[in-house]
Amino acid sequence: MAREDIARKARRLREAIAHHDRKYYVEDAPEISDAEYDALVDELKAIEKAHPELVTPDSPTQRVGDQPTKVFPPFRHAVPMLSLDNTYSKEELIEFNDRVARFLGLEVREYVVELKIDGVAVALRYEGGALRVGGTRGDGETGDEITANLRTIRSVPLSVKADGEGLAFEVRGEVYMPRKAFDRANEEREEAGEPLFANPRNACSGSLKLQDPREVARRQLDAFFYAYLPGRGAPAFPTHDQGLEFLRTLGFKVNPNIRVCRGVEEVIKVCDSWEERRDALPYEIDGMVIKVNDVALQERLGATGKSPRWAISYKFPAKQATTKLVSIEVQVGRTGTLTPVAHLEPVPLGGVTVKRATLHNEDEIRRKDIRIGDRVILERGGEVIPKVVGVVTSVRTGHEKRFEMPKDCPVCGGRVVREEGEAASRCTNTSCPAQVKRTIEYFGGRSAMDIENLGPAIVSQLLSKGLVKDSADLYALTEEKLVSLERMGEKSAQNLIAAIQGSKDRPLSRLIFALGIRQVGVRTAEILADRFHSIDALRHASTEDLESVEEVGPIVAQAIADHFLEPRNVKVLEKLEKAGVRMKEERKLPPKTGQTLAGKTFVFTGTILISREEAAAMVKAKGGKVTESVSKKTDYVVVGEDPGSKAAKARALGVATIDENEFRRIVGA
C-alpha cells in the first residue's frame with residue numbers, strides 16, 4: 001500500500017475512534033460494541049508502530065504517555081480563574097439577585113443554573129483545534145500544568161470537530177470521579193491494605209497529582225465543561241448558554257441538567273428540586289451554581305477581589321443524622337497509631353446505613369466531650385466514614401461514660417506512649433500483630449510492591465496459621481502452603497505465588513516505600529532511590545547525609561535513621577535480600593553529550609516571553625530540573641518582568657539571578 005494511502009487510512013481511523021469516543025463518553029450513545037472499538041484502536045496502533053512518522057499529538061493512541069512526570073510546571077491563567085462566593089439559604093439567593101439588580105440598575109431577566117460538581121476545577125487551551133495545554137485552578141492566577149494527566153480522561157477531546165479547527169479558545173470545567181469508579185478504587189485499596197479515599201473529590205484531586213499518567217488513566221476520571229473563553233478567530237456569543245451549546249457542537253461534555261431560569265423564584269425552585277434528587281446522580285454534587293446569562297451584563301458586573309459578581313454558589317446543607325454511640329473501639333494502625341472509632345446504632349444518612357464513625361484522637365473526643373452512650377450528631381458530605389460533629393447533651397441520663405485512651409495496646413498489651421507535640425498515641429511494640437498485619441498489607445499495596453490478590457483476608461489467614469511473621473516471609477511461601485487457606489484453590493495459589501515472585505524486580509523506589517518508613521511517601525521514596533541507589537547506602541546514611549537530599553528535612557531524616565536502627569527492620573531487610581528482592585539500582589549516568597544542565601536547578605519568577613511550559617521543557621531537555629521554591633540548592637533564578645518575592649530571596653541566599661536572554665544562552669535557544 002502506498003504511503004499516501006496508509007496516511008489516509010490512519011487519518012480515517014483517528015477520526016472514527018474520536019467519533020466513537022464522543023458517542024460513548026460524551027453523548028452516552030454508543031454505536032459499536034467494545035470489541036469493534038478495540039479492533040479500530042488495534043488497527044491504528046499497528047499502522048503507527050510500522051510508520052511512527054504518522055503519529056499525531058491528537059491520536060487516540062497518545063492519550064496515555066509512557067513516561068511519568070517528575071515535576072508539574074506552573075500553569076498561568078490568561079484570565080484569572082476566580083472562586084465563587086457561597087450562599088446557604090434561599091434568603092441569601094434573593095439577596096444576591098437584589099445586589100445584582102442594584103449594581104446594574106435593572107432586573108436580570110435570565111440566570112443559568114448548573115449542578116455544582118464536587119471535583120477539581122481545570123482549564124484547557126486549544127489551538128488550531130487541538131488540545132495544547134491544561135492545568136488546575138491553583139490560586140486563581142497560577143495552577144499546575146497537568147496536560148498529560150488530563151489527556152487520559154476520555155471525555156476530554158484531544159481535538160475538536162470541524163467547527164473548531166483553526167480556532168484558539170479556552171474551556172473550563174470540573175474533573176470528577178464517578179461514584180462507581182470511587183467505589184471500585186476503594187475496593188482495590190482495601191484489598192491492597194491501603195488507606196481508603198475519604199470522598200470522590202479527594203480521590204479525584206489525588207489522582208490528578210499522580211506523576212504517572214498510566215496510573216491516572218486507571219482511576220477512570222470524567223469531566224464536565226461549564227465555561228467557554230473565545231480567543232483568536234473564535235466566535236463570541238451574547239449569552240452563557242449559547243457558549244455552552246457551542247462547546248457541545250465541538251464535542252465537549254456539557255452537563256445535560258443545565259437550566260435557563262427567568263427570575264430568582266424559578267432559580268430557587270430548580271435548586272430545591274436538585275437538593276431532593278442529588279443522591280440519584282452517578283456523581284457527587286454539593287450544590288448549584290447560578291450565573292447571569294447575559295455576557296454583556298457579566299462584563300458590567302465584573303468581579304470583587306476573588307469572586308465574580310455575576311455568579312454565586314448555593315451550597316446544599318450538610319447531610320446530618322443523630323443516633324446513639326454504643327461503644328468506642330481502639331484500632332491499631334501500621335505505625336502503631338491508636339485510633340478511636342465509634343460504633344453506632346445503625347442510622348440512614350445520605351443514602352447509606354451508617355454503623356461507625358471516626359473519632360480521630362483523644363483530644364478530639366475531649367474537645368467535643370463525647371461519651372459512650374451519648375446521642376451524637378453525624379455529618380456526611382460524601383465521606384466514606386462520617387464525622388461526629390456534636391453531642392445532644394440535653395438528653396443525657398447521667399449513665400454515659402467518659403472515654404480513656406488505654407495505657408496498654410488493646411491488641412498486644414504493649415506499652416502505649418504519646419510523644420510531646422503529637423495528638424496520636426502509639427503502641428511501642430513493633431511486633432504487635434495489628435501493626436504486623438497492616439505492615440504486610442502496606443508492603444503488598446499497589447503503590448508499593450504491587451502484589452495482586454494479597455488482600456487483608458489473605459494476610460489475616462497467613463498470620464493466624466503462622467505462615468508469615470513479616471513482609472519478607474511472603475517470599476518463602478509455596479503453593480502447597482497456600483492451598484491450606486480458606487477459599488484458596490490451586491489456581492489462586494499459583495496466581496498469588498506468581499505475583500509475589502514477580503514483585504522481586506520492582507524499582508528500588510517501590511521497595512523503599514514498601515518498607516513503611518514513617519514520613520516517607522511515594523515521592524520521597526523516588527528521591528531517595530535517585531540519591532542513594534541501594535538499600536545498603538540508604539541504611540548507612542547519616543542524618544546529615546539524609547538532610548542534604550532535596551525535599552528531606554530533619555523530621556524525615558530522623559524517621560529514616562530510626563527505622564534502620566530497629567533490629568526487627570534490619571532482619572526484614574536481610575531476609576528480603578536473601579530472597580532475591582532487588583535491593584539496588586545502577587546509577588543512571590547522563591549521556592556525555594547534550595546533558596549540559598545535569599544536576600542544575602532552575603526557578604522562574606515574573607513574566608518572560610516564552611511560556612513556562614516551554615522554558616521548563618528546555619531545561620529538562622538538557623538534563624536540568626525546574627522547581628517552584630528558591631533554596632540554597634537552587635542554581636539559577638530566571639527573573640522576568642514584575643518578579644515576585646523569589647528574586648529577592650535568591651539575592652538574599654546568594655543564588656544566581658539571570659534574565660531571559662541569559663537563560664536562552666544557557667539552554668542554547
Side-chain angles (χ1 to χ4, degrees), residues 192-195 331-339 406 408-419 422 424-445 447-449 451 454 456 458-477 481 500 503-504 506 508-521 524-525 528-529 532 534-543 546 555-584:
E194 299 174 353
Q331 297 181 345
V332 182
R334 176 180 59 84
T335 61
T337 300
L338 273 59
T339 303
D408 299 319
C409 175
V411 176
C412 70
R415 186 169 62 94
V416 170
V417 299
R418 178 174 172 179
E419 296 178 11
E422 289 195 3
S425 298
R426 287 190 171 85
C427 168
T428 57
N429 176 19
T430 56
S431 299
C432 172
Q435 292 186 54
V436 173
K437 177 178 182 293
R438 287 175 174 80
T439 296
I440 295 173
E441 293 170 0
Y442 184 88
F443 183 89
S447 298
M449 300 302 275
I451 302 175
L454 184 70
I458 296 295
V459 174
S460 293
Q461 289 194 69
L462 292 174
L463 286 168
S464 66
K465 290 181 177 292
L467 297 178
V468 300
K469 293 181 180 178
D470 55 43
S471 303
D473 287 341
L474 293 169
Y475 296 97
L477 291 172
K481 292 178 180 179
I500 292 170
S503 72
K504 288 182 178 180
R506 296 281 184 255
L508 179 63
S509 62
R510 290 287 197 97
L511 176 59
I512 293 173
F513 177 72
L515 294 177
I517 304 170
R518 286 182 62 193
Q519 310 290 341
V520 175
T524 304
L528 292 171
F532 293 100
S534 75
I535 291 294
D536 191 59
L538 176 62
R539 173 187 165 187
H540 291 100
S542 66
T543 53
L546 292 166
I555 295 175
V556 178
Q558 191 60 55
I560 296 169
D562 289 346
H563 182 88
F564 293 116
L565 288 174
E566 171 62 47
R568 176 185 170 84
N569 295 336
V570 174
K571 185 178 179 181
V572 168
L573 289 177
E574 292 170 350
K575 289 165 67 175
L576 287 171
E577 186 171 18
K578 189 175 180 180
V581 175
R582 185 203 291 197
M583 307 292 282
K584 62 182 180 179

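Here the structure is a predicted model, which means the values were calculated and not measured.
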| task | Taking side-chain hydrogen bond (donor to acceptor under 3.5 Å, both in side chains) as the test, write out the residues that go with D536, two or more places apart. | result |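 side-chain hydrogen bond (donor to acceptor under 3.5 Å, both in side chains) list for D536, sorted by chain: H540.
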| query | R426: what forms a side-chain hydrogen bond (donor to acceptor under 3.5 Å, both in side chains) with it, not counting sequence neighbours? | reply |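 Scan of R426 (side-chain hydrogen bond (donor to acceptor under 3.5 Å, both in side chains), adjacent residues dropped) gives T337, E422.
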| Between Y442 and F513, what is the ring plane arrangement, given parallel below 30°, perpendicular above 60°, and tilted in between? |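 Answer is tilted, since the angle falls between 30° and 60°.
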For [X] against [Y], the heavy-atom pair lying closest together:
{"X": "K437", "Y": "S460", "value": "CE-OG, 2.6 Å"}
{"X": "G444", "Y": "L454", "value": "CA-CD2, 4.2 Å"}
{"X": "P410", "Y": "L338", "value": "CD-CD2, 4.2 Å"}
{"X": "A514", "Y": "M449", "value": "CB-CG, 3.7 Å"}

| task | Would you give the length of the straight line joining atom CG of D473 to atom CG of L467, rounded to the nearest 0.5 angstrom? | result |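 These two atoms lie 9.5 Å from each other.
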| Nearest-0.5 Å distance, CD1 of residue I440 to CD1 of residue I458 |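 Going from the CD1 atom of I440 to the CD1 atom of I458 covers 12.5 Å.
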| Any donor-acceptor pair under 3.5 Å linking the side chain of E577 with the backbone of M583? |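 Side chain of E577 to backbone of M583: no pair is present.
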Taking only residues two or more places apart in sequence, or in another chain, which ones meet [X] in a salt bridge (charged side-chain N to carboxylate O under 4.0 Å, His left out)?
{"X": "R582", "result": "D505, E585"}
{"X": "K469", "result": "none"}
{"X": "R418", "result": "E362, D363"}

Quick one: side chains of residues 555-567, donor-acceptor pairs under 3.5 Å with protein atoms, not counting sequence neighbours, listed by atom name and distance.
unit_1: Q558; atom_1: NE2; unit_2: D562; atom_2: OD1; d: 2.9
unit_1: H563; atom_1: ND1; unit_2: N569; atom_2: ND2; d: 3.3

| message | Counting only heavy atoms from other residues, nucleotides and ligands, does the tally under 6.0 Å from NZ of K575 exceed 12? | response |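 Yes, enclosed.
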